[in-house]
Structures are given as C-alpha cells and as structure tokens.
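Chain identifiers are assigned alphabetically (A, B, ...) following the order of the sequence lines, protein sequences preceding nucleic acid strands; residue numbering begins at 1 within each chain.
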Amino acid sequence: MSEQTLAQALNGALATALETDERVVLLGEDIGRTGGVFRITDGLRAKYGEDRVFDTPVAESGIVGAAFGMAIAGMRPVAELQFLGFSYPAYDQIINHVARIRNRSNHRFTAPMVIRVPYGGGIGAAEHHSESTEAIYAHIPGLKVVVPSTPSDARGLLLAAIEDPDPVLFLEPIRLYRAVKEEVSELYYTTEIGPMRVEREGRDITLISWGAMIKETRAAAGQLEEKGASVEVLDLRTLSPIDQDGIVASAAKTGRVVVVHEAPRTAGLGAEVAAIIQERVLYSLLAPVRRVAGWDTVFPLKRSEAHYLPSPDRIVRAAEETLEA
Amino acid sequence: MSEQTLAQALNGALATALETDERVVLLGEDIGRTGGVFRITDGLRAKYGEDRVFDTPVAESGIVGAAFGMAIAGMRPVAELQFLGFSYPAYDQIINHVARIRNRSNHRFTAPMVIRVPYGGGIGAAEHHSESTEAIYAHIPGLKVVVPSTPSDARGLLLAAIEDPDPVLFLEPIRLYRAVKEEVSELYYTTEIGPMRVEREGRDITLISWGAMIKETRAAAGQLEEKGASVEVLDLRTLSPIDQDGIVASAAKTGRVVVVHEAPRTAGLGAEVAAIIQERVLYSLLAPVRRVAGWDTVFPLKRSEAHYLPSPDRIVRAAEETLEA
Amino acid sequence: MWNRPVDKLIAGMLTLISPDGTVRDGLSITLEETRELYADMVEARTYDHKCMAMQRQGRLATYAPFEGQEAAQIGAAAALRPDDWVAATYRDAALMWRAGYPWALLIAGRTGDERGGQAPDGLNVLPPSITVGGHMIHAVGLAWAEALNGSDRVALTSFGDGATSEGDFHEAMNFAAVYTTPTVFLCQNNGFAISYPRDEQTRSESIAMKADAYGMPGVIVDGNDVAAVLTVVGEAVARARSGEGPTLIEAVTYRLGPHTTSDDPARYRDEDETGEWRTRDPLERVRALLERAGAWTPEWHAELEARSADVIEEAVAEAEALPRPTAAEMLSRMYAQPTGPLRAQLDEIGA
Amino acid sequence: MWNRPVDKLIAGMLTLISPDGTVRDGLSITLEETRELYADMVEARTYDHKCMAMQRQGRLATYAPFEGQEAAQIGAAAALRPDDWVAATYRDAALMWRAGYPWALLIAGRTGDERGGQAPDGLNVLPPSITVGGHMIHAVGLAWAEALNGSDRVALTSFGDGATSEGDFHEAMNFAAVYTTPTVFLCQNNGFAISYPRDEQTRSESIAMKADAYGMPGVIVDGNDVAAVLTVVGEAVARARSGEGPTLIEAVTYRLGPHTTSDDPARYRDEDETGEWRTRDPLERVRALLERAGAWTPEWHAELEARSADVIEEAVAEAEALPRPTAAEMLSRMYAQPTGPLRAQLDEIGA
Ligand SMILES: Cc1ncc(C[n+]2csc(CCOP(=O)(O)OP(=O)(O)O)c2C)c(N)n1
Ligand SMILES: Cc1ncc(C[n+]2csc(CCOP(=O)(O)OP(=O)(O)O)c2C)c(N)n1
Ligand SMILES: [Mg+2]
Ligand SMILES: [Mg+2]
C-alpha cells in the first residue's frame, strides 16, 4: 500500500500489466519519450523497452486500428489518445471495427484492447481539450466504457480492462489526475467492470455521477447533509454496461434522484439513467429525475468554464427542488 | 402537385434548390454519373452541370471537410454520404469543425450546409448499411438533425435544411424511399425544422417515432385502434433540436407513452424522450414511458433482421402493457 | 472509352504471360503449378457466376462479383503461407478462398448470416471488410504483433483503387513504414470505385508510386497475369518475412461485371471498354499458354468446370443448411459474456 | 543530436539568404521590403515572448510559441493578398497576424475567450485550428468555392510535420489535386510533433515529395529564410491564382521553444540541437544582410523593439479589457437563433 494520486495509480497499473503479461504493449502519441501529456506512462518506456511502449505518428485512426490488429493477433494493446476531443478521427475504427469483430466473426476473432483517453474539463484547457462525449461511446454495442474517479478504482478498473476479453474505452478524468490521493495496493487486483460504487449511503435522495463530477457531487452531498438530508451518492464508474440494477435499487430506496454530468444535457447519458429509473420504478419516484449537466453548447474556453460546468451549488439547488417536490 | 415517392420528393427538392439558389452545389460518392446508390440525385448532373454536381473520391472526411470550406466561403453545399455507417470517418469533421465554427468564431464564420445520409435498416443490406446512430449526432451542439418520413416533409424539410443558416444532418430512411407515395407540391416551400408532426391524434396513448419506424408505429396504432384504444402518433421528424414542448403536451394529454426507434435501446434517443417527459410531466404519467427499440447489438445481417427490428407486434404489446399499467 | 491512365500503366508494369498466352522472360513457375492456378481460377469463376445467379434468385443479399480479377486474387493468395494473415474486402472471395476460407462460409456471409464470418480455427483470414479503407491498418497491427512476437508470419491486405483515397490508407501505409511491419499492401486497381474512374480518384500517375510518400517500395504488375502477380506478391512476402518491411503492389486489372448486383455499369462506362478488357481475360491467357504447351484440352477444362460446379453446389447446400439464426445468438455475440443490459434483453425475448 | 534528415534536406532546399546573411542568386526583393519583413519578424517575436511571459503569470491559458519559425510564417503571409483565405494552427499567430488578424484577438483567444476567434469583418482568416490535421481540407473547400465563383482568391493552409500523418492531410491533398483547387499547402516542418521527431513521423525523405503521390508539385524551402519562403509561397500563390492548382511547400524550420507552455523539451531533445538551430535564427540572418547593406543599426533595432512592445502592450490591454463573457453569450453562439432546448436553458440560467 502507498498513497497515490489517480495518475500514479494508473501509471502503476500499466507497469503491473507490462510486468505480469508479456502480451501487453502501449502505444500512443508522445507516451514513450515524454510519458504522455499527462505523464501517465512516465518511465515505462525506459523500464520496459522500446518494443513494449511505442511513440506513434499523429494519427488516431491509425493508433486504434493498429492496436486492433495487434489485439486480434493475440496481444493486449493499451492505446492512448491524447484527449477525448481527438478520439473522433478514430471513431470509425472504434464503432465499425473494434466493437464489431466479435460479432461479425461469431466469436472467432476478438479485440481485447484498451483505449485510454483523458477526458473532461475544469482545467481551462484549449478548445477540444475538455470533451465529455461518453454518451456517443456508451451507445456503441460491443464496446465497454469505464471511468474511474478514485485511485484504487483506477488501478483495479484499468487492470480489469486490460484483462477483459472485449474492448474497453477507459476514460480518465483529467481534473482528478492529481486532485485525489488514496492508499492503493501494489498487488495485482481488479475491480469488476459493470457494478457501480456506492460512494456514500443515504435515504432521502440519490445523486448519481461519474468522473470528475464526483467531486462536485460529493461537495453538494456534504452541503445537503449539513442541511439535514440523508444523501446517497453513486459513482457509476462503468458507463457501459450500465449498472441498471444498482441504479434502480437506489432510486427505489430514496425515490428522488439527481444525475450529474459534464456533457451537454440533451442525449447525454443522464437521459439513459432517467429513462431506466422511470421505466423500472416509476411508482417509487417521489419527484422527477433531474439532470444537472453541461448546457447544450460546445465546452467553452477558460473564461466561460465556470458558466458551463455543474457546480456544487447547481447540484444542491436541483437536489433541494427534488427533495421539495 | 404530383404523386411522388420520398425519393422523388428529395430529387425534386434538390432540383428546386439548384434551380433557385446558385450557391447550391452537390457533392458525394457516385452522385453525379449514376445519381447515387439510391438515385436521389438522378439526372441532376446532366441538368445542372458538372460544376454544380460533383462525384468525389472515396473519402468521407474529405467530402464533409471540403463542403464545410465551401459553406464558409458562402456556398450552400449539400453533401451526400452513401450510408450512415460510412459517416463515421467524417465524425471528427462534423463534431469538431462543422458544428463548431459559429461558436468558435462568435458568429463570424458559419456553415450553412447539409449532409444527406441514407439511414436505417429493413432491406437486408450488407454490414454497416443499416445503421441508425442518430443519437450520436443529436448529442452534438451546433448541429441540427432532421429525418423526414413522408414525401411532402422530405421536400419541405430538405429545402428548409438548405436554407438553414446552420449545418443540418439530413437522414433519409432507406426503407421509405420508394415505399410511400403522396401528392407533393412542386412549388418552393419549406417545413420548419424543429416542430414534430402529429401523424394521428388520440387520447389514450402516445406513440412517438421517426424515420422508417413510423411505418411500424402506424401499423401498431391501427391494430390498437381496432382493439378500441385512441392512439396519438407523433413523428418527431426533427431530432435536434428536439420538440420538447410538443412531446410533453402529448404525454400530458394521454399519460401513456411508447417511444419506438431502430437504434439500440441503451443511450438511444428514446432515452432523451423518456427523460424529458418524466422531467416535465411526471405526475401526469399513468405508466412508465416504454422504449421499443433495437436490441443492444450491432444491426444484424439479413437473416436476423426480423429479430432486431421493432415490429408492429412488439409495439402493440408494449402499448398494451402501458395501457394496462 | 478506354481508361487512359491504365493504358499508360500497362506499358510499365510486369507481365510474364501476355494476353495471347506467350511467355515473357522471368516466368519461373512450373507447368503443373500453372495448371493448378488455372484450375483455381476456373473454380473461383464458377463461384462468382453461381453467386450472381443466386442473388438474382433472391437467395443471396447484395453480391460484389470479381470476374476479371481472378488472377490478381488467386495469384496473391498463392504467394502466402497457410498461417499468414489476410485482411481483404467484399470483392475478395477468390483471394480469401485460395487462402483457406471455405466457399460455404463465404456464401453463408452473403446470405446474411454472421456465422459466415467465422473462419475455421487456425485460419488467419479476417471476415471481409465492408467499409472501404478501414481494414488496411488492421493488417499493419497484425503484422506488427507477429514481428514483436518473433514469428515470421506476414499480413496481406487487399483493397481497391477507391480505397486509396481514404485517410485510413495513408495512416496504414505510414504506420507500416514507420514500424517496418511485415505487411503486403495489394491494391487491385480495377479502374473504378463504383462509378468513379481511377483517373479522377487521384491525379498520381500510378497508385504504386504513392509508396514513395512513405519511403516504401511500390510495384506495379499486370493484375490479369496470375504468374506475374504470384511473383510480385511472392517477392513482397519474402521481403516482409525477412524483416525488410512493407511493400505496396498495384495490380492493374478490371472488373468485368457490375460493382455489385445493385449496380448498373451502363450508367458510367462503355461496352467497348469492357470488351477491350475481355481480350485481357486472366483465364484465357493461361489457357492459351497451357494449350500451346499441350497441357490444356477441352476435356480437361470441362472436367474442371464440372468439378467446380459440384464443389460450389456442395458449398451452397452447406451454407443454406445452416439453421436459421436465433435472436439469442444475435444478442450473445456482442461480448464474451452478455452484459447486464443484454441479459435483461435476452430475458425480454424469452431466451 | 542533430536531426539527421533535416541535414540532408538543407542541402536540397531553396535558400536565398544564408545563415550568415550573404545573399544567394535569385533574391529579388528590395532592401526596403527586406527591412519591412525584418520589422514584422521583430514584432512577431515580441508578441511571442510576451505571451510566454503572460502565460507564466497565469494571464493566458496554454500557449504554443513560434520562436524560430518567424520567417516561415511572415514570409508566407507576405505572399498573400488581403482577401485570400488562411486556415492555420495554434502555432501560427505570426502568420495570421501578418495576414491581417489583430494581435488583440489572438491574445483574447489565448485568455480563453471565444471572441478571439471572431476575425474582423472582411478578413478571411479562420480561427486557428486546435485539432491537428482537420483544417487543411477546409482550405480546399474554401479555394474550390472561390474558383467556382470565378474569383481569383486563393486559400493557404499552414500545418506542421506531425499533421502530415493524419488521414485528413491525405484527403485534403487528394481533393485539392483532383479538383485543381487554388490551395497552397504550407508545412512548417519544425522537426517535431511535440516530442516525436520528424524522421520517425514518416520514412519519406522529405515532406515535399509527398506531393508526387497526388500529382501535385512539391517544393522544399529553407523555412528560416524569409525571402526564400516569400518567393516560394509567392510562386505557389501565383500558380493557384492563375488556375494551375495546388502546391505543397515544405518549409524546413525549427521550434526553438517548447511545444507549448506545458511541455518540457529536455525530455526529448538535446540542448546542442537547439543551439545548432539558434545559429540559423531567421531574424539574425536578415539582420546580418541589412547591416552589411548599411540598412541596419542598433538604434533602428531598438526603435523596432520599443515600438513592437508598445503595440503588443496595447493589444494585451485591449484583450484584457474585454468584459467577462456571460453564460447567455455562450448559449447564444451555437446557432443563428437559439433552438427550443437552448431557449429553455437560457431561461434556466435566468438570461
Ligand atoms: C467508408 C466507406 N465509404 C463508402 C462505401 C461505399 N462503397 C462501397 S464499395 C465503394 C467503392 C470502392 O472502390 P474500390 O476501393 O476501387 O474497390 P472495388 O469496389 O472497385 O473493388 C464504395 C464507395 C463503403 N463501403 N465504405
Ligand atoms: C487530432 C489531434 N490529435 C492530437 C492532438 C494533440 N497535439 C497537439 S499539437 C500535436 C503535435 C503536432 O505536431 P506538428 O503537426 O508537427 O505541429 P507543431 O506543433 O510542431 O507546430 C499534437 C499531437 C491534436 N491537437 N489534434
Ligand atoms: Mg476499384
Ligand atoms: Mg512540428
């Protein structure tokens, strides 16, 4: 055990994977010499060699497509794309090829690979560097989508993703890379892909979130508890397959739900959460499931970021209205 | 007025646009010499010339990106992509460039362009030829998404899309191209982008759909009416911006809603419809909003198509359960 | 009209067997090998004609015929080892078959059954790519993995002239060269991408010369000459296998039939052009060569055709005997184990 | 270590002013023009240094410096007409400015304000592209539209060596050649894509030679020689303007600073290499030339620096005086008119 940031936990998980499974290789822009823009692969090329950790040309479709070929041939590639906003050139490879090979070959060929991508806003980054388009990936059959928000989940989920027989899009909340610290085991362990994590138990209202928004949600929960509400906080941590039963159980218990995400509200993943809840436990709902989300705009530049990102205040307000309904 | 199929109405709308607005140009794979795989542009190159209707190399990102440049320079390009499954190589251009130029230039540069794409299944087509990934486009701020299901809407919406100062993804339900006929005016008229169309009024239950699924939904409504239910059918026809008020008004009236779409259920646009309804009129709901959709699988090949596509039977069953709830 | 750039290309490209069956310097395959290649091409053509007929009868979904391209496909596949990787397209049934893929599965795929994509165990042939361009980089990844694992397997990817315009072609070529992967890029330049002629597709004089842009060797070969294709692909395979990296091969050929069964070539090309290319038929020149060498008789040919017809009929029967796929199978193919939402949906369909 | 391929390139490329300021055959600009180009480069460098400093003070978001690339950018922009189109990148502030884009707006963009992307009316310079590669095809579409409309405007797109690996580069080059659009492709090969050196990015000897793959002329030029860049881009612009189509230009240069303010070049390159390139400084050689011609004095230089500092300070003040953007503005920028859902959201924020 040692105290680690989320970034350190990811670096450690990659090191462990390289150490324990010789099929594992890493590839991506600048991940070798510099350890990547966020230094998540720092030191790995030096330690595991130039034939395990590859710097690549600036070509996202190529990175994903090449990793896909490697996966079919029996390796366990872990590709990094620099930001979620630069994953779109690879969208065709992901949706039309990576996610489908098992289906179109009737299980004969598979793509056990991971695509790691820093995502989300909050650091005043340049255009395209703050995207949260998880919904467009969670809609793709054949792909799994995972988002850790704690260092220990980061390690466990990343090792699980690398072990997984199917392709996993692994989203890493940029804002949390160095914002959270936690004791993390150095042993090999995995965290199951699928089940959400109950971040905090409560009776009156359920707040559901994932990624960096867990931070705002946690803060809002604190404020609400101070005002006397008993708040349950769920960290979905796997977005696909989504933990329908876990979500529904909590909604049935509290009858009041607020979903929080950074992505634009319309057709965001909050819609799926709301749809599932009303589908399965409509009659337990004491209030509408509310969505506190980004507005239906492009993620703005630094000076407008605060206008866009859900704040603890906005969450508290929505929760209070939900509690009063 | 003349009786026209949806395909003819689209062809006629393009001819009218070429005729009335010299800024209009068409580009896409095989749209010139052959009139496109579905012959929607048939005869237009012969009539309007090789400098208005362009065959292009096989390069979707190039087609959209070039059209985008033309739009910025003041033209009104109408690009065709051959199938929605081949739109993904252009996803980056659409989300990162086409949909954003107004925002990033603060209205100074704009992209008044249309991307026409045949979409949906039901004709036993090859892999990737039956996609319904409208949700991944409806989630993109800055883009509009339109889907006509009748010949007169096809003409009116396409002319509106070409006139629109913002980019429009125009989805054409393959299965309806030649399956419906209707009197269509040859005059220049537009159908407003945004408002849904009430296909049929009713009191007991609302069925919401779009594109080719309108056909199954209509059939289901017929069966339900025969059994004594008064059924309202909404054709969304614009998916982005979605007609929240129209949807909510109908849901408030009937208290029972079934959404029908071809796309996989999870994170499909049905989720957004359900989320909006429960958000705004939860207390009017007499039953959960149900989704009759594709399964969470890749759209299958011919022999399994019937397993996948929502059938009138499935819709009727869901509606009956909703009516009984 | 005649496709001008091809005209020019034909001058510079490698031909070993001329259209009239005369042999040029450098032909190094035996008569017996030539007879086998001929027999393979006859079998492939039988399949192609059968599929066209079946599609017209409504027994197959859309079909993309390869008539005219048999030499390019059979010659290329013949240069491979049985454990090499193949990533080919919707038009490459002959290539895939010669690489070991059963006709029955190819037909099953065309009936609209995902089980057609399930190559026999041990065979490294991917299901055909339906998207244009996306699969070339897969052959780079496959080859790269083999090289990293110290195997000497190579990966061959086949694609059309149209596919070279996709961004993915560029990225695949570049990655292959950057990482010196043992990949063979085989472009069957058949003159058209659906209706769009090669000379509009790109302004470069040849497709082979695009290899320069990646520091990779590019070779142009008469794609209707099975011996020349076998030789050129064989050399590229040998280079790849010995660690010298990728090669781009342009096999100049022609699609005699429509793009697919939904296509009408009269809209974009002249009968004359097609007729001209019929005089360059890849089977005919081998027949002429063999006949001159006393190794071809009408009886043998009839025998080949009869045997091929039987083989294909059997494959059709096998494909059509596949039980109707169930909905549960469809839902169970997405992941190694159905996920939560899929388990719920399996319940919903009562599986 | 020295970036080997560049070494080789330098031998073959056009230089008009040598690093020591001596003039080579073919220099055709006047002394006065040379002085103006020099003044522009001084102003640009002043901006660059100011932005680096401001970023360190937290007044700007990430900044991508162009120090070392002034000649490539100023030379290229100087070849344009005021109404030509420019589609450039995050590193092209000098180019955009010389093409007419106000410093104040460039700075506003870097403070994180979308209003920085709003070019003055009538100026055809797009906001800088932050994605690598995607903007080149826009210059093809822009140029194509102008040609179709019978105007003689051209479109110049600037990008880096790394960008040439993106599929979009390939599609843009191909479209430009296929439709003979008046587009000038300017690659500033500065040796690196972040940490990835040019000689790994692609195995072709030069980037300019990639033009062959599209049947397009490709030219290589000393990117640190403002006169050579002006000449070569000028020729390409003239070709484009007269309907002869696109050109690819590789300007060989070097980024003296970090990739961006978040980058640490020590991780991937040697001080020596950077030092070597400092001897090829684009300003220095022009200074030497002018000095030799008696057209440069320390006083004049000091005057230029002082004037530049004033101009940039003023631009900074203007950018920083922009009122804080409101949430309503953010929501109202997505469409010509806010859509239904956005109107509802505007209500929600109380706008
Ligand atoms: C990404 C993508 N875009 C478009 C299509 C539609 N399409 C199918 S085949 C084809 C032409 C391909 O031409 P070429 O690469 O020359 O191969 P050929 O069919 O001639 O063998 C097109 C455009 C597709 N399948 N995939
Ligand atoms: C599509 C995309 N992928 C990755 C990035 C991240 N990124 C920003 S700059 C850069 C390197 C670009 O190198 P080059 O084209 O040589 O331009 P330079 O920065 O050297 O001017 C990368 C990879 C991006 N902005 N866009
Ligand atoms: Mg072809
Ligand atoms: Mg560079």
Spacing of C/Leu148 atom CG and A/Phe54 atom CZ [to the nearest 0.5 Å]: 4.5 Å

Might you work through the side chain to side chain contact (heavy atoms under 4.5 Å, CB included) test for C/Trp144 and A/Met75, ending with a clear yes or no? CA-CA 10 Å; C/Trp144 193 0; A/Met75 307 200 81; over 6 Å; no

By a 4.5 Å heavy-atom criterion (distance strictly below it), what part of A/Pro165 contacts chain C: side chain, backbone, both, or neither? side chain

Max heavy-atom pairs within cutoff under 4.5 Å with chain A, candidates C/Gly134, C/Gly167, C/Gly109, C/Ser129, goes to C/Gly134

Exercise: identify the closest heavy-atom pair between C/Pro127 and A/Arg104: CG-O, 4.0 Å

Under 4.5 Å from any heavy atom of chain C - which part of A/Thr56: both

Approximate separation, where rounding is to 0.5 Å, of A/Leu27 CG and C/Tyr179 OH: 7.0 Å

Region of A/Ala59 in contact with chain C, defined by heavy-atom distances below 4.5 Å: both

Under a 3.5 Å threshold, yes or no: a donor from one side chain and an acceptor from the other, between C/Arg115 and A/Asn106? no

A/His97 versus C/Thr131, side-chain donor and acceptor atoms under 3.5 Å: yes

Distance col, row C/Asn149:CG vs A/Glu22:CD, nearest 0.5 angstrom, shows 8.0 Å

Taken to the nearest 0.5 Å, the spacing of A/Arg102 CZ from C/Gln118 CD works out to 11.5 Å

With respect to chain A, which residue among C/Leu105, C/Thr181, C/Asp121 yields the maximal number of heavy-atom pairs within a distance under 4.5 Å? C/Asp121

Among C/Val140, C/Asp168, C/Ile130, single out the residue with the greatest number of heavy-atom pairs under 4.5 Å to chain A. C/Asp168

If you round to the nearest 0.5 Å, how far is CE of A/Met70 from NE2 of C/His138? 13.5 Å

I'd like to know whether A/Asp166 forms a side chain to side chain contact (heavy atoms under 4.5 Å, CB included) with C/Met334, so could you lay out the CA-CA distance, the side-chain angles of the two residues, the decisive distance to 0.1 Å, and finally the verdict. CA-CA 9 Å; A/Asp166 289 301; C/Met334 295 312 305; over 6 Å; no

Roughly how far, to the nearest 0.5 Å, is CD1 of A/Ile72 from CG of C/Asn124? 10.5 Å

